[in-house]
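This is a predicted model, so every value here is computed, not measured. Reminder, nothing fancy here: chain letters follow the sequence lines and each chain counts from 1.
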Amino acid sequence: MIDPRILRDEPDRVRAAQAKRGLSAEVVDRALAADSARRTAIATFESKRAEQKTLGAQIPKASPEEKQELLAQTKALAAEVKEAEAARTAAEEEWNGILKEIPNLAADEAPAGGEDDFAVIEHVGTPRDFAAEGFEPRDHVELGQLLGAIDLERGAKVSGSRFYFLTGIGAQLELALVTMAMDQARAAGFTQVIAPSLVRPRAMDGTGFLGQAADDVYRIEGEDLYLVGTSEVPMAAYHSDEILEESSLPRRYAAFSPCFRKEAGSHGKDTKGIIRVHWFDKVEMFVYTTLEESYAEHERLLAWEKEFLDKLELAYRVIDVAAGDLGLSAIRKFDCEAWIPTQGKYRELTSTSNCTEFQSRRLDIRGRAAGADGKVRPVATLNGTLTAVTRAIVAILETHQQEDGSVRVPEALRPYLGGLDLIKPV
RNA sequence: GGAGGCGUCGCCUAGUCUGGUCUAUGGCGCCCGCCUGCUAAGCGGGUUUGGGGCUACAACCCCAUCGAGGGUUCAAAUCCCUCCGCCUCCGCCA
């Protein structure tokens with residue numbers, strides 16, 4: 001959630017932020033009204049409660065006849081306190097509910113508008129010119145079949161549409177990519193983590209995925225558990241309800257977990273292949289740091305993502321995602337989109353977000369400043385994809401394919417495949 | 001899955017049976033100061049978090065906070081219920 005002080009002191013800033021995302025500002029007025037109602041309710045309850053405490057303290061010391069009198073008084077008061085408390089609780093819930101509807105305030109640098117209003121920051125590498133090379137590239141579905149790497153038919157048979165088996169060199173590719181990602185992360189000082197992919201509502205809600213995105217989340221029947229769509233969820237909740245020494249920041253984690261997405265509302269999109277699936281594995285970077293450091297850290301996360309894509313020798317562009325497409329939590333988001341030859345487009349391979357204090361406020365993750373004053377305040381959280389396995393495989397197969405259907409292995413990946421430099425059709 | 005035990009303000013801990021003087025004890029750690037060639041020791045003080053009021057977002061006052069949420073009561077760390085977590089034993093299992 002956003003800082004309530006900003007809402008109170010600079011409501012116009014919040015209104016402007018809503019407009020930038022293409023959302024109504026009406027929520028701001030509802031929030032302000034709920035805030036003042038809440039404060040009134042708190043004051044009422046607290047004065048009643050204080051009175052009750054004062055009277056109650058006199059009872060054990062009172063003489064028998066005074067005691068009767070006091071008991072009668074406090075008994076009546078007890079009912080009023082109870083009522084005032086219920087009113088306070090209701091007012092606080094109302095306020096919290098409204099506050100949680102407000103997305104994080106987009107950064108000034110983030111372009112205004114929706115999905116198509118992104119700004120291209122840079123292009124890295126040049127898409128291969130298959131026409132000049134004189135052959136028609138095969139798509140990853142065909143290549144996956146030729147190489148014995150991806151089995152979509154059996155994926156559908158066993159689990160349904162948007163599922164797959166990675167087999168043979170496909171399975172090896174996943175393990176190679178994950179290990180390479182983990183090695184890079186460790187070298188950069190990250191703590192490697194294998195994270196749970198089933199979480200409680202608190203974790204899901206705290207990261208902002210039970211808002212508008214709730215349709216995309218799998219729930220476990222009969223249990224209070226959700227399947228995560230990214231290890232951002234368990235990693236954000238990892239330090240929930242904790243106070244971290246700011247001297248211990250940044251805390252950098254590289255977490256591996258499967259990711260599950262319903263892909264509701266994407267019927268007809270990317271129906272072929274493994275571009276858009278209900279399950280895939282991912283190595284995600286997750287960082288806790290201070291608000292001041294978060295902006296520079298965001299750039300670092302982007303740099304680490306680029307380093308990984310560079311090692312895969314892919315052509316890609318980096319975009320600055322528009323405000324309306326940031327999701328609830330982020331103030332700014334960079335996507336790295338790799339060139340997919342058979343689609344003739346750039347497709348998202350990785351994404352990094354600065355969520356500032358938004359998730360920390362919801363999950364109660366605070367930092368204590370160094371020194372005698374030791375102020376406690378929310379920390380900033382950031383996340384970034386190191387590798388989303390399925391899309392990385394799509395980009396590698398399509399980009400590095402040869403006319404005969406074999407695929408050249410990028411230099412950096414070879415050590416992770418036992419030195420293999422060419423994947424040949426089976 | 002079954003039976004039992006436990007959960008106190010960073011860590012350890014007193015308090016729970018017998019509800020009110022608990023405004024939660026003591027130790028360790030940490031912070032500030034004193035003392036001291038320096039360090040250690042010693043001495044004195046401070047040290048949960050969230051919220052509200054008032055304000056300079058200070059000081060101060062108040063409310064809540066003893067795993068979480070309900071209940072009983074004039075009054076709950078203390079009694080009752082539900083949930084969560086940890087531990088022990090049994091069963092099952094990769």
Next on the checklist: Need one value for A:L77: base, sugar-phosphate or nothing, where a base atom within 4.0 Å counts as base even if backbone is also close, heavy atoms only.
Outcome noted: nothing
Checklist entry - For the ring pair A:F163 and A:F165, is the centre-to-centre distance below 6.0 Å? => result no
Checklist outcome for this item: The answer to which of A:R39 and A:T74 contacts RNA chain B further toward the 5' end, by nearest nucleotide, is A:R39
Item to check | Euclidean distance, atom CG of residue A:N96 to atom P of B:G51 [Å, nearest integer] | outcome: 11 Å
Checklist entry - So what's B:G69 paired with, Watson-Crick or G-U wobble, going by both distances under 3.5 Å? => result B:C81
Next on the checklist: Rounded to whole Å, please give me the gap between CD in A:E80 and C1' in B:U73.
Outcome noted: 17 Å
Checklist entry - How close or far is atom C1' of B:G51 from atom CZ of A:R377, stated in whole angstroms? => result 20 Å
Checklist entry - Over how many whole Å does the gap from A:L225 atom CG to B:C84 atom P extend? => result 11 Å
Next on the checklist: Roughly how many Å apart are B:G15 and B:C34, using the C1' atom of each and rounding to a whole number?
Outcome noted: 35 Å
Checklist entry - Does a nitrogen or oxygen in the side chain of A:R38 sit under 4.0 Å from OP1 or OP2 of B:G52? => result yes
Checklist outcome for this item: Walking RNA chain B from its 5' end, the first of A:K75 and A:R8 to be reached, judged by nearest nucleotide, is A:R8
Checklist entry - In whole angstrom, what separates A:I42's CD1 from B:G52's P? => result 6 Å
Next on the checklist: By the side-chain hydrogen bond (donor to acceptor under 3.5 Å, both in side chains) test, which pairs, at least two apart or in different chains, include something from residues 180-199 of chain A?
Outcome noted: A:D183-A:R186, A:D183-A:Y416, A:Q184-A:K311
Item to check | Nearest-Å distance for atom pair CD/P, residues A:E245 and B:G10 | outcome: 12 Å
Checklist entry - Looking for any heavy atom pair under 4.0 Å, which part of the strands does A:Q52 touch: base, sugar-phosphate only, or nothing? => result sugar-phosphate
Checklist entry - Does any nucleotide pair with B:C93 by Watson-Crick or G-U wobble geometry, both distances under 3.5 Å, and what is it? => result none
Item to check | Base versus backbone protein contacts along nucleotides 61-71 of chain B [heavy-atom cut-off under 4.0 Å; B, S, -] | outcome: -BBS-------
Next on the checklist: Against A:I423, only a single residue in A:L420, A:V426, A:D421 fulfils side chain to side chain contact (heavy atoms under 4.5 Å, CB included); can you say which?
Outcome noted: A:L420
Next on the checklist: Taking the cut-offs as 6.0 angstrom to the six-membered ring centre and 45 degrees off its axis, would you call A:R88 and A:F45 a cation-pi pair?
Outcome noted: yes
Next on the checklist: I'd like the P distance from B:U49 over to B:A58, given in whole Å.
Outcome noted: 15 Å
Checklist entry - Which of the following nucleotides, B:G50, B:G52, B:C74, is nearest to the side chain of A:R366? => result B:G50
Next on the checklist: Side chain of A:R200 only, heavy atoms from C-beta on: which candidate in B:G50, B:A75, B:C84 is closest?
Outcome noted: B:C84
Checklist entry - Using the P atom in both, what is the distance from B:U65 to B:A76, to the nearest Å? => result 9 Å
Checklist outcome for this item: Under a 3.5 Å limit on both distances, the Watson-Crick or wobble mate of B:U25 is none
Item to check | Complement of B:A64, any strand, by Watson-Crick or G-U distances under 3.5 angstrom | outcome: B:U49
Checklist outcome for this item: So the side-chain hydrogen bond (donor to acceptor under 3.5 Å, both in side chains) pairs with at least one residue in residues 109-122 of chain A (sequence neighbours excluded) are A:E122-A:K306
Checklist outcome for this item: Between CZ of A:R368 and P of B:C31 the distance, given in whole Å, is 13 Å
Checklist entry - Which whole number of Å gives the distance between the P atom of B:U25 and that of B:U47? => result 11 Å
Next on the checklist: So that I know where these two stand, are A:H278 and A:Y164 an aromatic pair - ring centroids less than 6.0 Å apart?
Outcome noted: no
Checklist entry - Taking the same atom, C1', in B:C63 and in B:U72, what whole-Å distance lies between them? => result 23 Å
Next on the checklist: In this structure, is the centre-to-centre distance between the rings of A:Y226 and A:Y218 below 6.0 Å?
Outcome noted: no
Checklist entry - If pairing requires Watson-Crick or G-U wobble contacts with both distances under 3.5 Å, which nucleotide is the partner of B:A41? => result none
Item to check | Atom P, compared across B:A56 and B:G70: separation rounded to whole Å | outcome: 37 Å
Checklist entry - Using the C1' atom in both, what is the distance from B:G7 to B:A68, to the nearest Å? => result 12 Å
Item to check | Rounded interatomic separation in angstrom, taking CG from A:D241 and P from B:U49 | outcome: 15 Å
Checklist entry - Any side-chain heavy atom of A:L382 sitting closer than 4.5 Å to one from A:S353? => result no
Item to check | Interatomic distance at C1', B:C62 relative to B:U23, whole Å | outcome: 14 Å
Item to check | Neighbour count >12 (heavy atoms, 6.0 Å) for atom CZ, A:F260 | outcome: yes
Checklist entry - Which base sits across from B:C35 as a Watson-Crick or G-U pair, both distances under 3.5 Å? => result none
